[in-house]
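This report refers to the structure that appears directly beneath it.
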Amino acid sequence: MTAITLQNMGNYKYIYLSESKWDRNLKYSVNKKRRIGKIDQISGKAIFSATFLEDLSDSPELLKKIQTRFPSADLSRTYDNSKIKPIGRYPGDTVNYGVSYFLYNLAGLIGVLTPLKECFPDNWETIFTMAAFLIFENKTIMECDDFIEENVTFPLKDVSSQKSHELFLRIDYEKYNDFFNMWSGYIKEQTYFAFDATAAISKNIELVDFGKAKSDTELQELNLCLLYGEKSRLPIYQTIYSGSLNDVSTIQSVLNEFEAKVSSSDILLVTDKGFCSKKNIKELLTKTKVRFLSPVQPHDKYATKIVDKIISGNIMELTESIIHTNHDIIRGTTLLTPWDDSYKLYTHIYVDCMKSLQADNHLKEDMKVLRDLYLDNKLPKKDLEMFNRFLIVDHNKSKKSKYHIRDNVEEIQKFLKHVGYLVLISNHIKNAQVAYDLYANKDCAEKAYKEYKQNLGMHHIFTERSGRFTNKSIVAFIALILNSHIHRVLSDTLLHKQYTCSKMLRQIARLQAFLDSDNRYYPKPITKKQKEILEAFHVEIPNKNILNYFIKNKLKYFGD
């Protein structure tokens with residue numbers, strides 16, 4: 001499939017050709033984007049590159065598309081694609097500086113900029129720019145070239161798919177280790193870690209093995225394990241381990257590695273629902289002896305028993321049960337309950353009342369549809385089980401109506417009884433708010449990391465080498481550090497009530513400046529919202545001098 005699109009870059013408008021082709025080896029469509037021309041500023045007509053016009057002569061179908069889209073185009077006139085004037089270099093040009101200025105300052109405030117520069121002296125600008133692209137655009141790394149052309153960044157020549165792969169191969173493992181040693185040494189505090197799995201199907205990666213891939217049981221798997229700062233809520237360290245190892249044995253070995261890295265044995269383990277089994281919890285209580293926080297499966301006997309106790313006692317109705325979140329208001333409380341004959345655990349119970357109400361409305365709506373289908377003799381077989389569970393058909397003897405359909409109240413109440421509840425258990429955390437914040441932060445970071453991995457081509461790895469995969473992960477890790485800090489500040493300053501993360505980032509991306517005849521950048525007026533965001537993140541509001549120093553001395557933009 002071929003598409004022709006226009007894209008504004010500063011004062012210029014360029015023409016792109018997007019081609020989507022099915023890759024037999026990868027088993028999914030690969031999209032390739034190519035700049036083929038521009039719109040002339042004076043005449044307003046399309047001008048195409050010489051190389052594209054040569055290709056066009058061999059493709060009558062594409063030629064027809066071009067003539068239809070640009071009927072006034074002069075196909076005999078060409079321009080040199082390699083000599084496009086970069087934005088922000090000529091008087092009157094407008095540049096977008098918000099992305100680089102905001103994230104560069106954040107990286108400096110967090111402290112990650114120093115180890116990044118020292119450990120990757122030849123490549124840190126590219127790594128940082130790719131991380132910024134992942135945070136702001138949430139697109140595949142193949143589209144990073146467009147991001148660089150639209151924003152003031154480091155003067156990188158090429159971060160196309162091929163060049164980025166070459167970069168990932170140039171980073172050696174020693175530099176990779178040095179970075180984590182410096183970064184983990186910078187953040188010395190109580191820590192917790194979480195697991196994140198990445199499916200892989202390549203014999204080139206040494207640690208790949210058959211494990212328990214969620215998406216496909218036939219895929220081989222490796223796992224990325226992340227260590228977070230409990231107070232800073234920033235990722236500190238990551239390591240890769242085999243997909244064939246079970247959870248408990250992995251935890252023990254990874255704990256030992258983390259303790260050596262951060263010189264601390266005081267580690268809090270935050271897991272997901274799949275980890276919480278009686279066997280694993282017993283192992284944690286008796287062998288590893290680490291602090292842990294784990295969600296219990298919603299239909300587990302332990303969870304349902306605790307939730308029933310809470311419902312019968314109306315504990316959630318108290319004002320003190322309100323839990324502060326970034327989303328809807330939820331209620332929570334904590335009980336000290338026996339796990340087995342030897343141990344008691346702090347059990348944190350939460351209920352999202354809005355989620356419970358939505359589930360009730362959806363179920364009633366589905367029942368109404370099923371009822372109507374049954375009366376019209378159009379009920380599909382696949383819905384028969386649900387119909388029989390929640391609805392009861394009474395056969396009337398009267399001639400007016402053959403059926404009377406009523407709700408199965410008992411089954412409906414049983415189904416909705418535990419909807420909206422979350423149960424967390426811990427051997428250390430006593431406070432429901434603290435436990436919720438830790439678990440929510442893990443969930444938020446995990447979702448962001450999965451997106452970054454996918455956009456870097458790490459979600460399903462088919463042809464990767466070990467070195468390239470490891471070095472790709474460093475870009476995702478830098479992006480996750482910055483993303484985690486952004487979410488923490490939004491939460492701590494209550495800005496989350498006004499902005500989602502993406503909405504806040506869009507405000508920052510609109511910061512612009514123009515270049516005057518004296519080769520000086522002048523920032524355009526900053527809005528009240530942009531000023532509020534910069535102040536909340538302790539980023540200095542740029543004036544003319546600050547902005548020029550940043551672009552010319554920090555970014556060394558266009559070799560100034």
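Positions are given from 1 along the sequence. None of the values given here were measured: they were computed from a predicted structure. Hydrogens, waters and symmetry mates play no part in the numbers below; they use all other heavy atoms, side chains included.
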What distance separates [X] [atom1] from [Y] [atom2], expressed to the nearest 0.5 Å?
X: Leu482; Y: Ile135; atom1: CG; atom2: CD1; answer: 4.5 Å
X: Gln433; Y: Thr334; atom1: CD; atom2: OG1; answer: 10.0 Å
X: Tyr101; Y: Ile546; atom1: OH; atom2: CD1; answer: 5.0 Å
X: Thr153; Y: Asn96; atom1: OG1; atom2: CG; answer: 11.0 Å
X: Thr500; Y: His487; atom1: OG1; atom2: NE2; answer: 9.0 Å
X: Leu109; Y: Glu540; atom1: CG; atom2: CD; answer: 10.5 Å

Check whether any side-chain heavy atom of [X] sits under 4.5 Å from a side-chain heavy atom of [Y], and report yes or no.
X: Phe128; Y: Leu103; value: yes
X: Ile15; Y: Lys38; value: no
X: Ile127; Y: Phe179; value: no
X: Arg331; Y: Tyr350; value: no
X: Leu511; Y: Pro523; value: no
X: Pro121; Y: Lys117; value: no
X: Tyr346; Y: Ile429; value: no
X: Leu515; Y: Val95; value: no

[X] side chain to [Y] backbone, donor-acceptor under 3.5 Å:
X: Asn151; Y: Phe147; value: yes
X: Gln530; Y: Thr527; value: yes
X: Trp183; Y: Pro235; value: yes
X: Gln507; Y: Lys529; value: no
X: Asn123; Y: Thr126; value: no

Does atom NZ (Lys430) have a neighbourhood of more than 12 heavy atoms from anything else shown, all under 6.0 Å?
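12 or below, so no.
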In this structure, is the centre-to-centre distance between the rings of Phe180 and Phe477 below 6.0 Å?
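Yes, the ring centres sit under 6.0 Å apart.
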Does the separation of the ring centres of Phe154 and Trp124 fall below 6.0 angstrom?
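Yes, the ring of Phe154 comes within the 6.0 Å limit of the ring of Trp124, centre to centre.
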Check the angle between the aromatic planes of Phe537 and Phe102 and answer parallel, tilted or perpendicular using the 30° and 60° thresholds.
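Correct class here is perpendicular.
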Begin from the C-alpha positions of Ser294 and Leu424 and carry the test side-chain contact (heavy atoms from CB on, under 4.5 Å) through to its verdict.
CA-CA 5 Å; Ser294 179; Leu424 303 176; over 6 Å; no
For Tyr521 and Phe514: C-alpha separation, side-chain torsions, deciding distance, then whether ring pair (Phe, Tyr, Trp, His ring centres under 6.0 Å) applies.
CA-CA 6 Å; Tyr521 295 94; Phe514 68 90; 9.4 Å; no
Between [X] and [Y], what is the shortest heavy-atom contact and its length?
X: His485; Y: Leu234; value: N-CD2, 3.6 Å
X: Phe136; Y: Leu505; value: CE2-O, 3.2 Å
X: Cys501; Y: Leu490; value: CA-CD1, 3.9 Å
X: Ile526; Y: Pro542; value: CD1-CD, 3.9 Å

For a quick check under 3.5 Å, do Glu532 and Tyr499 share a side-chain donor-acceptor pair by atom type?
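Distance-only check passes for Glu532 and Tyr499.
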Without hydrogens or angle criteria, can the side chains of Asn545 and Arg520 be said to hold a donor-acceptor pair below 3.5 Å?
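Indeed, the side chains of Asn545 and Arg520 share at least one donor-acceptor pair under 3.5 Å.
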Tyr16 and Ile4: CA distance, side-chain angles, deciding distance, side-chain contact (heavy atoms from CB on, under 4.5 Å) verdict
CA-CA 6 Å; Tyr16 283 86; Ile4 301 167; over 6 Å; no
Stepwise, does the side-chain contact (heavy atoms from CB on, under 4.5 Å) test hold for Val270 with Phe292?
CA-CA 6 Å; Val270 183; Phe292 68 85; over 6 Å; no
After noting the C-alpha distance and the side-chain angles of Val423 and His348, does the key distance pass the side-chain contact (heavy atoms from CB on, under 4.5 Å) rule?
CA-CA 6 Å; Val423 177; His348 309 285; over 6 Å; no
